[in-house]
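Here is the structure we will look at.
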Amino acid sequence: MAKDYTRKFQIEIIKKHFIIGSISAVVLLMFFFFIDTFYNGAAINFIQKLFGHDFAFYILRNQQVAIIIALLIFLLINFLVVEIYALQKISNVFSQMKILFRKDNKRILLDDSLKELEDDFNALKQESLENERKAIKESQHKIDMIAYLAHDIKTPLASVIGYLNLLEESEELSQDMQKQYTHLTLEKAYRLEKLINEFFDIAKLNQTDNPLNKEDIHLHYLLQQMKEEFYPITTQKNQTIEIDVDPNFLIYADANKIARVFNNILKNAFYYGYEDTPIHVQSFQDHLYTHIIFINQGPTIPQAKIDKIFEQFYRLDESRSSQTGGSGLGLSIAKMIVQQHQGFIKVKSEDNLTSFDVMIPIHISL
């Protein structure tokens, strides 16, 4: 419902009219009572001395007309006083409104009768300043993202060009060297393809018209399928994926996108987990959310890094380049997908154990 900012102000103006009108009526009655009481006394003598004998005589002979004239004068004074009061208040509002457009934290101050308008003006100013700060931050973030992407693309692209030049210009390369250079070139090309695909994924996730195809998913079978897909990766460090999820456990989500979330979290657990350790996956429900928790054993993540872990292009191990590790986009994409599901993703790390808690709203069938 739209707020009626003028209601209190109108009520106050009406009260002022009533108060001043009442005082005027009382003063007027007292004045004529004074004249009647001292019909030929001090009052009439005062009027005669002040306005002359003719005016005093006119008052005496035309008391009703005098009362009406006096009443009109008092009403006019009442109107002028209240309207001047109202104009002063309105002028104060306009003078304070210029503060609304200032880029500082100075508050707008209005009269008590306009307290609600004052609060809304100040809230609007703070919201405007916050939106401006967000716009600047988002603009800078986009510039940084493009710069990071350009940097990450430049390295494998330079390698691709270099190896292709070697293959083209070196006529005496052995067949084994040609095969090795071709293999390296192909690896760098795949790296480029992955970076570009992740960049497009982020662009698509930022679109407002990117609907989810939600359905009931058997979580256990989805995780089991991913476990099999990860087998060649986990065996490199002799890691295992242990799934502790009821086979009948259902989640309501977009299967492809939620699989992307789990995939990115499992990759992170693989990259930063210790060798010869398991990656545990478990789930439970509270009254609002389904929790899917991934736990791996690895170096404890400092809180300062946890606060940044979902930033785009952020890598926990700063010495790990885009060639030896991920692009720094995986967890950012995971968070965006979870938020698109109206959910949350939380990280906890202590005592060489790191857990990612993916929280998806429970689907209630009507």
Side-chain angles (χ1 to χ4, degrees), residues 194-195 197-202 204-205 210-237 239-274 277-286 288-298 301 306 309-312 314-316 325-349 353-363:
K194 182 181 177 183
L195 278 170
N197 286 339
E198 287 182 336
F199 181 76
F200 279 119
D201 284 341
I202 288 179
K204 284 189 287 186
L205 288 170
N210 186 25
L212 296 173
N213 298 314
K214 291 185 178 181
E215 58 183 330
D216 287 324
I217 303 167
H218 284 86
L219 180 61
H220 177 84
Y221 299 121
L222 175 62
L223 291 169
Q224 194 66 37
Q225 180 182 349
M226 298 188 70
K227 176 181 177 179
E228 294 173 2
E229 293 173 356
F230 265 83
Y231 180 76
I233 299 176
T234 54
T235 52
Q236 295 176 28
K237 295 169 66 174
Q239 294 171 315
T240 58
I241 298 176
E242 298 181 357
I243 301 172
D244 182 17
V245 176
D246 191 296
N248 296 319
F249 200 94
L250 297 175
I251 61 172
Y252 188 66
D254 185 309
N256 291 328
K257 289 184 178 179
I258 208 68
R260 181 70 180 275
V261 173
F262 299 161
N263 179 79
N264 291 353
I265 294 175
L266 286 170
K267 280 184 179 178
N268 188 79
F270 163 73
Y271 283 131
Y272 298 102
Y274 292 138
T277 59
I279 300 170
H280 291 280
V281 186
Q282 58 193 40
S283 64
F284 69 92
Q285 285 184 337
D286 57 26
L288 291 176
Y289 295 96
T290 296
H291 296 255
I292 306 99
I293 303 174
F294 300 79
I295 305 171
N296 72 282
Q297 298 178 36
I301 306 173
I306 287 179
I309 201 169
F310 294 107
E311 292 182 4
Q312 292 170 3
Y314 182 77
R315 298 184 181 93
L316 284 172
S327 64
L329 292 171
L331 292 180
S332 176
I333 290 173
K335 182 179 179 180
M336 293 173 72
I337 292 173
V338 172
Q339 287 179 335
Q340 197 177 17
H341 282 78
Q342 306 301 314
F344 301 92
I345 182 168
K346 296 181 179 179
V347 185
K348 184 179 179 181
S349 186
L353 286 177
T354 298
S355 65
F356 283 80
D357 184 358
V358 178
M359 303 164 61
I360 303 296
I362 296 174
H363 175 54

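Sequence positions, counted from 1, serve as the residue numbers for this chain.
Note: I258 CD1 to E215 CD = 12.0 Å, rounded to the nearest 0.5 Å. Distance check, rounded to the nearest 0.5 Å: CG of L288 to CD1 of I360 gives 13.0 Å. Here the NZ-OH distance, from K237 to Y271, works out to 10.0 Å after rounding to the nearest 0.5 Å. Separating the CD1 atom in I345 from the NE2 atom in H291 is a distance of 12.5 Å, to the nearest 0.5 Å. To the nearest 0.5 Å, atoms CG (D286) and CD1 (I362) are separated by 6.0 Å. Atom-to-atom distance recorded for T240:OG1 and K227:NZ is 7.0 Å, nearest 0.5 angstrom.
Each of D357, I309, I265 was compared with V347 under the side chain to side chain contact (heavy atoms under 4.5 Å, CB included) criterion, and only I309 meets it. Put simply, the residue from I251, L219, I292 that forms a side chain to side chain contact (heavy atoms under 4.5 Å, CB included) with V245 is L219. Residue M226 forms a side chain to side chain contact (heavy atoms under 4.5 Å, CB included) with just one option from I241, N263, V281, I243, and that option is N263.
Nearest approach of I217 to A255, heavy atoms of both residues: CD1-CA, 3.4 Å. Of all non-hydrogen atoms in L222 and A259, the two that sit nearest each other are CD1-CB, 4.1 Å. The minimum heavy-atom distance linking T354 with S349 is given by the pair OG1-OG, 2.9 Å. The two residues H218 and P247 make their nearest non-hydrogen contact at CD2-O, 3.5 Å. N296 and G273 get closest at one heavy-atom pair: ND2-CA, 3.7 Å. Annotation for S355 and I295: closest pair CB-CG1, 3.8 Å, computed over non-hydrogen atoms.
The side-chain hydrogen bond (donor to acceptor under 3.5 Å, both in side chains) test applied to H280 returns E242, not counting sequence neighbours. Remark: F249 pairs with no residue by the ring-ring contact (aromatic ring centres under 6.0 Å, His included) rule, at least two apart or across chains. Every residue meeting the ring-ring contact (aromatic ring centres under 6.0 Å, His included) condition with Y252, not counting sequence neighbours, appears here in chain and number order: H363. Applying the ring-ring contact (aromatic ring centres under 6.0 Å, His included) criterion to F344, with sequence neighbours excluded, gives Y289. In this view, K348 and E350 satisfy the salt bridge (Lys or Arg N to Asp or Glu O under 4.0 Å) rule, not counting sequence neighbours.
Taking the side chain as every heavy atom from C-beta outward, Q239 and T277 approach each other to under 4.5 Å. Side-chain contact check for Y272 versus I301: every heavy-atom pair is 4.5 Å or farther apart. Side-chain contact between R260 and N264 is present, with at least one heavy-atom pair separated by less than 4.5 Å. Counting heavy atoms from C-beta on, the side chains of N268 and F294 never come closer than 4.5 Å.
Heavy atoms from other residues, nucleotides or ligands lying under 6.0 Å from OH of Y221 number 12 at most.
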Only pairs under 3.5 Å count here: list side-chain donor-acceptor contacts from residues 229-236, not counting sequence neighbours, and write none if there are none.
unit_1, atom_1, unit_2, atom_2, d
T234, OG1, F230, O, 3.2
T234, OG1, Y231, O, 3.2
T235, OG1, Y231, O, 3.1
T235, OG1, P232, O, 3.0

